[in-house]
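These notes are about the structure you will find just below.
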Amino acid sequence: MDHNYLHTFRLTVEGLSDRVEFEMFHELSDVAEVTDGFAKYVARQEDDFLPLGTTAAIRASKVIHIVHVKAEKAG
């Protein structure tokens, strides 16, 4: 799978006053399809953590809202 696009999502997390951003590489630029796939990925994580860069992580089960912010051509 080629990771041609960098997608950025803004997550609302239960218990946090500020929203956080999550970046994910994907082969597609289709926002609807990638957002759907990311939402399903988060739902499957249950009590696992999603990394936020190299210095933070959030519990996936606490994500209550996902918004696609942008997609950029990678590389």
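Keep in mind that what you see is a predicted model, and the values were worked out from it rather than measured.
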message: Looking at every non-hydrogen atom in both residues, tell me the closest pair between His7 and Ser29 and how far apart they are.
response: CE1-O, 3.9 Å
task: Check side-chain hydrogen bond (donor to acceptor under 3.5 Å, both in side chains) between Glu21 and all other residues, then give those that pass, not counting sequence neighbours.
output: Arg10
query: Looking at CG of Asn4 and CD of Glu27, how far apart are the two atoms once the value is rounded to the nearest 0.5 Å?
result: 7.5 Å
task: Locate the shortest heavy-atom distance separating Ser61 from Asp47; write the atom from each residue and the value.
output: OG-OD1, 3.3 Å
Inter-residue atom distance Leu6.CG - Glu72.CD, 0.5 Å rounding: 6.0 Å
query: Looking at side-chain heavy atoms only, is the closest gap between Lys62 and Leu16 below 4.5 Å?
result: no
- request: Tell me, please, which residues at least two apart from Glu23 pass salt bridge (Lys or Arg N to Asp or Glu O under 4.0 Å).
  value: none
- request: Rounded to the nearest 0.5 Å, what's the gap from CG on Asp18 to CG on Leu11? Could you check?
  value: 13.0 Å
field: Distance-minimising heavy-atom pair for Leu28 and Val34
entry: O-CG2, 3.8 Å
statement: Smallest heavy-atom separation, Tyr5 atom then Lys73 atom, equals CE2-CD, 3.8 Å
- request: Any ring-ring contact (aromatic ring centres under 6.0 Å, His included) involving residues 45-64? Give me the pairs, sequence neighbours left out, ordered by first then second residue.
  value: none
- request: Would you please name every residue forming a salt bridge (Lys or Arg N to Asp or Glu O under 4.0 Å) with Asp30, sequence neighbours left out?
  value: none
- request: Just jot down the ring pair (Phe, Tyr, Trp, His ring centres under 6.0 Å) partners of Phe9, sequence neighbours excluded, or say none.
  value: Phe38, His68
- line: Tightest non-hydrogen contact, residues Ala60 and Leu50, listed as CB-CG, 4.0 Å
Residue pairs involving residues 32-43 (criterion side-chain hydrogen bond (donor to acceptor under 3.5 Å, both in side chains); sequence neighbours excluded): Asp36-Lys40
